[in-house]
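As the structure is a prediction and not an experimental result, all values here were calculated from the model. Index from 1, following the sequence.
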Amino acid sequence: QVQVVESGGGLVQAGGSLRLSCTASGLVFGASNMGWFRQAPGKEREGVSCINWRGDATYYLDSVKGRFTISRDNAYNTVYLQMNSLKPEDTAMYYCAAGPACQGTISLTPRIDRGYWGQGTQVTVSS
């Protein structure tokens with residue numbers, strides 16, 4: 001049984017930073033693509049960032065490029081999302097997803113209808 005658990009959300013002022021963490025078990029983490037998604041109230045879930053199983057290819061949503069950085073540590077079955085220069089429009093529930101939620105090896109495509117998902121961690125950015 002695959003388990004995905006996020007942590008690190010919270011309330012931060014605009015311009016601030018947060019680091020989200022996600023651990024996954026019940027799968028071969030080192031062979032699994034990983035990703036971060038978010039869903040704001042009244043909006044569709046969207047793919048924020050993906051990283052391939054090797055850690056040498058990434059995807060970023062245009063609106064977070066240059067501000068967010070995804071990374072992984074396969075020794076600890078953990079993926080991170082470093083979020084800098086946060087904006088109020090980044091406010092959302094952030095979900096970590098494993099496996100088919102991020103498709104591809106070099107060119108990655110987030111898929112909201114695939115993969116194994118965590119319960120989410122809330123990020124709120126105040127203006």
Side-chain angles (χ1 to χ4, degrees):
Q1 180 178 345
V2 178
Q3 280 195 310
V4 179
V5 180
E6 307 94 336
S7 63
L11 173 64
V12 64
Q13 287 189 327
S17 298
L18 282 174
R19 188 176 81 155
L20 305 183
S21 299
C22 167
T23 59
S25 59
L27 46 68
V28 182
F29 185 86
S32 300
N33 291 352
M34 298 293 296
W36 288 96
F37 295 70
R38 68 186 182 187
Q39 187 167 18
K43 294 189 176 181
E44 283 194 358
R45 190 170 296 190
E46 60 182 358
V48 175
S49 185
C50 292
I51 187 166
N52 73 350
W53 59 274
R54 295 193 300 246
D56 62 2
T58 56
Y59 160 88
Y60 292 99
L61 184 68
D62 282 348
S63 61
V64 308
K65 285 179 181 177
R67 301 188 297 121
F68 290 10
T69 303
I70 191 170
S71 61
R72 64 188 296 158
D73 188 338
N74 288 348
Y76 292 96
N77 284 18
T78 302
V79 63
Y80 304 97
L81 186 68
Q82 178 66 43
M83 304 186 295
N84 298 329
S85 302
L86 282 160
K87 304 176 180 180
E89 51 264 43
D90 295 317
T91 294
M93 184 71 78
Y94 282 71
Y95 298 91
C96 179
C102 286
Q103 294 195 326
T105 300
I106 302 300
S107 178
L108 299 172
T109 301
R111 293 290 302 266
I112 63 172
D113 59 338
R114 304 283 175 90
Y116 305 97
W117 295 80
Q119 294 298 306
T121 185
Q122 178 68 38
V123 172
T124 303
V125 185
S126 63
S127 56

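- Val79 and Leu27 fall within the same hydrophobic cluster, where Ile, Leu, Val, Met, Phe, Trp and Tyr residues are linked whenever their side-chain heavy atoms come under 4.5 Å apart, directly or through other members.
- Considering all non-hydrogen atoms of both residues, Thr58 and Ile51 come closest at CG2-CG1, 4.0 Å.
- A cation-pi geometry, defined here as NZ or CZ lying under 6.0 Å from the six-membered ring centre and within 45° of its normal, holds between Arg45 and Tyr95.
- Under the 4.5 Å side-chain criterion, counting only non-hydrogen atoms from C-beta, Val125 is not in contact with Gln13.
- Between Tyr80 and Arg19, the side chains place no donor N or O within less than 3.5 Å of an acceptor N or O (distance only, hydrogens not considered).
- Between Asp90 and Lys87 there is no salt bridge, since no side-chain nitrogen of the basic residue lies less than 4.0 Å from a carboxylate oxygen of the acidic one.
- In this structure, Glu6 and Leu20 have side chains that are not in contact, with every pair of non-hydrogen atoms separated by 4.5 Å or more.
- Two residues are said to be in side-chain contact when any heavy atoms from C-beta on lie closer than 4.5 Å; Cys22 and Met34 meet this criterion.
- When side chains are defined from C-beta on, Ser49 counts as touching Leu81, because their heavy atoms get closer than 4.5 Å.
- In this structure, the side chains of Ile106 and Arg54 come closer than 4.5 Å at one or more pairs of heavy atoms.
- Side-chain atoms of Thr23 and Asn77 include no donor-acceptor pair closer than 3.5 Å.
- Nearest approach of Leu86 to Leu18, heavy atoms of both residues: CD1-N, 3.8 Å.
- A 4.5 Å side-chain heavy-atom check between Phe68 and Asn84 finds every atom pair outside the cut-off.
- Ring-centre distance between Phe37 and Trp117: below the 6.0 Å cut-off.
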When you look at Thr124 and Val12, which way does the side chain to side chain contact (heavy atoms under 4.5 Å, CB included) test go after all the steps?
CA-CA 6 Å; Thr124 303; Val12 64; over 6 Å; no

Show the numbers, then the answer: is there a side chain to side chain contact (heavy atoms under 4.5 Å, CB included) between Thr91 and Gln122?
CA-CA 8 Å; Thr91 294; Gln122 178 68 38; 4.1 Å; yes

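- Tyr60 does not carry Arg67 over the face of its six-membered ring by the limits of under 6.0 Å from the centre and within 45° of the normal.
- The two residues Gln82 and Ser17 have their closest heavy-atom pair at NE2-CB, 3.9 Å.
- Of the residues listed (Cys102, Cys96, Pro110, Cys50), the one engaging Trp36 in a side-chain contact (heavy atoms from CB on, under 4.5 Å) is Cys96, and it is the only one.
- Scanning both residues, Gly9 and Val123, for their nearest heavy atoms gives CA-CG2, 4.2 Å.
- Closest of all the heavy-atom pairs between Gly99 and Ser32 is N-CB, 4.3 Å.
- Heavy atoms only, all atoms of each residue included: Arg72 and Trp53 are closest at NH1-CA, 3.3 Å.
- Within the 4.5 Å cutoff, no side-chain heavy atoms of Met93 are placed close to those of Arg38.
- Formation of a donor-acceptor pair under 3.5 Å by the Asn33 side chain with backbone atoms of Ala101 is not found in this model.
- Atom OH of Tyr59 and atom NZ of Lys65 lie 7.5 Å apart (nearest 0.5 Å).
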